[in-house]
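For reference, the structure discussed in these notes is given below.
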Amino acid sequence: MTLLPLALKSLRNRRFAALLTIATIACSVALLLGVERVRDEARRSFASTVSGTDLIVGARTGPVNLLLYAVFHLGEANAAVSWASYQELTSQPEVAWSVPLSLGDSHRGFRVVGTTADFFTHYRYGAQHPLEFAAGDAFADLYDAVIGADVADKLGYTPGASIVLAHGIGSLAEQHADKPFRVVGVLARSGTPVDASVFIGLPAVEALHADWQSGTHLPQLAVSADAARQLDLTPKSVSAILVGLKSRAAAFALKRRIDDYRAEPLLAIMPGVTLQELWQLVGGAENALRATSALVVVAGLLGMLTALVTTLNERRREMAVLRALGAPARTVFGLMLLEALLLTAGGAALGVLLLGLALVAGSDFAAAHYGLNLTRTDVSAHELALLAAVLVGGLAAGAIPAALAYRRALADGLSLRW
Amino acid sequence: MNDTPAIDIAGLRFGWTRDAVLLDVPELRVARGERVFLHGPSGSGKSTLLGLLGGVLTPQSGRVGVLGTDLATLPARARDRFRADHIGIVFQQFNLLPFLSARENVELAVRFSPRRAARAGDVRATALRLIAALGLDAPRLAALPAHRLSIGEQQRVAAARALIGAPELVIADEPTSALDADARDTFLDLLFAECAGAGSTLLFVSHERALAPRFTRTLALRELAGAAA
């Protein structure tokens with residue numbers, strides 16, 4: 001093979017321009033693969049925001065809406081599930097565990113979730129990861145609170161801190177100043193909405209609202225924090241219920257029974273399925289991101305095209321010399337194409353390396369802040385297909401200067417005077 | 001030695017379009033082993049004639065016989081192969097690929113022709129021998145990248161490349177016009193000696209009429225051709 005050493009030496013002769021071109025392609029390839037990798041992982045991580053929970057039950061609403069407030073703590077439950085229904089659900093033979101959630105209050109922009117200490121043992125995310133405490137422990141006293149990692153970081157709380165919760169979620173929300181809470185536990189970061197939540201016991205939600213009726217604070221009924229301890233703090237209703245089953249196979253049947261429950265209009269969703277539906281909704285942004293990264297690759301290849309075309313004039317003599325030595329015109333074509341292929345392949349290889357380094361450098365950050373696991377070292381079939389597409393694109397771009405050089409080589413003949 | 005003529009042109013007409021005839025050579029014969037000086041003013045069709053003899057151009061009509069083969073009847077690929085196998089070419093300047101060493105430039109000539117590679121034997125040794133024979137300090141200069149050589153040195157390397165593997169026909173297109181008088185004489189001496197050694201026919205194109213007496217025959221393109229230009 002005579003072309004390869006020629007192409008390599010020719011590129012080495014123009015190594016500065018060649019390296020710039022390779023660097024450009026490398027950056028674009030790293031971006032393309034990086035976006036795909038992060039997108040993949042974001043989808044995976046999103047789909048396992050909650051795992052190990054077989055059903056989520058709430059008052060009848062849309063499945064996505066129920067998922068949004070029960071898991072992501074976004075929006076409002078427009079109706080509640082009565083405590084009686086909760087107890088009946090819990091007593092079903094298929095149910096292994098159930099965790100009630102009561103939403104509505106907030107603390108400095110973070111949602112307050114009333115639940116039971118079972119939440120910390122049963123909630124799972126990712127590949128069945130349980131929640132862990134970075135500091136302290138679950139709530140024991142009525143006015144104890146457990147906070148997520150974001151809450152602790154942003155507000156600088158450690159166990160022992162005293163916090164006041166607000167009624168509702170607006171910035172003008174009235175404070176439950178009469179019943180301050182003590183932070184007793186800080187959860188380790190999970191990359192899930194748990195990080196941005198404040199957890200208190202269900203009885204504490206009742207105590208906070210002992211002197212409230214229909215969403216209004218009634219000062220004339222004021223119940224002090226200590227007095228509230230004496231009240232019956234059994235909740236009247238909850239916002240949603242996380243349910244774990246003894247056997248996953250029972251999920252469909254139980255879901256149907258809950259959806260058909262006569263005493264109260266209820267809805268049960270399978271979180272995995274609904275998470276996928278929700279992901280479809282945000283898929284548009286995902287595709288915009290992919291399109292952008294693909295366009296960056298196109299720009300990189302156009303850069304190479306420019307670099308190759310601008311060398312054509314100075315290389316006209318080179319091509320005429322090769323022709324004089326008996327090289328067929330298609331050798332001139334092949335030489336240019338080979339250079340384009342070498343530049344693209346070099347760029348793609350460097351891009352993969354670049355991405356690998358970036359992932360190694362950034363994986364801790366991504367895991368800590370977004371719960372993304374980017375440490376996968378294998379190259380997926382999809383990524384190989386993308387790399388192949390980049391190479392084909394490089395060949396297509398290289399075909400243009402190659403065809404120009406080919407035509408000139410034929411037209412120039414052996415004439416070297418111009 | 002084969003007694004078919006080195007060059008045997010008859011009724012040759014060439015033009016980019018049918019009406020505009022650039023070159024019209026009724027007859028041109030060059031015997032093997034001749035050293036022919038071909039001169040003519042610019043625009044007289046010298047480059048066109050060399051392109052036809054080299055097989056990169058094809059005539060509208062007529063015969064372009066080189067070493068007994070009519071190039072006009074061969075397909076493009078076969079003409080390229082014929083050029084690689086049988087013709088050595090030296091240009092006025094910019095003969096060398098700047099990113100290869102002088103020796104690699106010389107060796108490049110046999111890369112496209114197994115026949116010439118076989119005739120050259122040990123290609124590297126032959127390349128170095130030719131470079132030395134053309135008066136260059138072979139081991140030192142041969143390793144330098146071509147762009148580091150002076151123009152005179154580059155032309156001699158180009159001559160070595162045209163001669164490696166002993167092609168039957170060497171075409172030199174104004175090879176000395178970039179050289180000063182001393183370098184030009186030395187270059188011609190060496191070129192003649194090597195052509196004679198290899199038994200190659202030399203077609204030397206130049207407008208420097210003063211060189212003509214050193215050749216066995218002088219041709220004026222204008223007399224040969226009813227050139228349109």
Side-chain angles (χ1 to χ4, degrees), chain A residues 1-19 21 307-308 310-336 338-340 342-343 346 403 405-418, chain B residues 16 42 46-58 75-101 104-117 145-147 158 161-162 164-165 167 171 173-174 177 205:
Chain A
M1 186 65 204
T2 54
L3 285 189
L4 186 59
L6 268 186
L8 285 173
K9 282 175 176 167
S10 166
L11 285 176
R12 201 179 61 189
N13 184 49
R14 291 172 285 116
R15 62 179 84 77
F16 186 67
L19 285 179
T21 303
L308 288 177
T310 51
T311 63
L312 278 185
N313 265 334
E314 66 181 84
R315 303 188 64 194
R316 208 161 173 169
R317 293 172 187 139
E318 190 180 321
M319 299 307 173
V321 166
L322 286 173
R323 290 282 285 147
L325 293 176
R330 64 178 163 79
T331 298
V332 170
F333 183 88
L335 188 63
M336 294 300 295
L338 186 59
E339 286 187 18
L342 287 172
L343 289 172
Y406 177 88
R407 278 183 45 193
R408 285 184 180 182
L410 282 182
D412 284 351
L414 300 181
S415 115
L416 271 180
R417 278 163 290 181
W418 49 78
Chain B
W16 292 112
S42 39
K46 285 180 296 185
S47 294
T48 307
L49 180 61
L50 297 188
L52 288 161
L53 287 170
V56 294
L57 302 176
T58 45
R77 182 71 189 93
R79 282 184 272 121
D80 291 335
R81 185 60 183 272
F82 187 89
R83 178 170 69 253
D85 282 345
H86 302 286
I87 304 175
I89 295 174
V90 187
F91 295 117
Q92 181 176 6
Q93 53 180 321
F94 310 121
N95 271 287
L96 307 183
L97 300 192
F99 50 85
L100 297 182
S101 73
E104 287 169 328
N105 263 288
V106 175
E107 290 174 3
L108 194 59
V110 303
R111 297 260 187 119
F112 297 100
S113 168
R115 179 179 183 271
R116 271 173 76 180
H147 64 85
R161 187 178 61 195
I164 193 169
I171 295 176
D173 184 6
E174 307 256 17
S177 64
V205 180

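Remember, predicted model here, so these are calculated numbers, not experimental data. Chain identifiers are assigned alphabetically (A, B, ...) following the order of the sequence lines, protein sequences preceding nucleic acid strands; residue numbering begins at 1 within each chain.
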I'd like to know which of Leu97(B), Thr48(B), Asn105(B) tops the heavy-atom pair count under 4.5 Å against chain A.
Leu97(B)

Whatever's closer than 4.5 Å to a heavy atom in chain A on Arg161(B) counts as side chain

Atom group of Ile171(B) that falls short of 4.5 Å from chain A, counting heavy atoms:
neither

Phe82(B): which residues meet the ring pair (Phe, Tyr, Trp, His ring centres under 6.0 Å) condition with it, sequence neighbours left out?
His86(B)

With no hydrogens and no angle check, is any side-chain donor or acceptor of Asn13(A) less than 3.5 Å from a backbone partner on Lys9(A)?
no

Tabulate, in ascending numerical order, the residues of residues 327-336 of chain A having at least one heavy atom closer than 4.5 Å to a heavy atom of chain B, or enter 'none'.
Ala327(A), Pro328(A), Ala329(A), Arg330(A), Thr331(A)

Polar side-chain atom of Ser10(A) near backbone of Leu6(A) as donor-acceptor pair, under 3.5 Å
no

Verdict with supporting geometry, Arg316(A) and Asn313(A), side-chain contact (heavy atoms from CB on, under 4.5 Å):
CA-CA 5 Å; Arg316(A) 208 161 173 169; Asn313(A) 265 334; 3.9 Å; yes

If you measure from the Lys or Arg side-chain nitrogens to the Asp or Glu carboxylate oxygens, is any gap between Glu339(A) and Arg315(A) under 4.0 Å?
yes

If you compare all heavy atoms of Pro167(B) against all heavy atoms of Ala162(B), which two are closest, and at what distance to 0.1 Å?
CG-O, 3.0 Å

Any donor-acceptor pair under 3.5 Å from Arg116(B) side chain to Ala84(B) backbone
yes

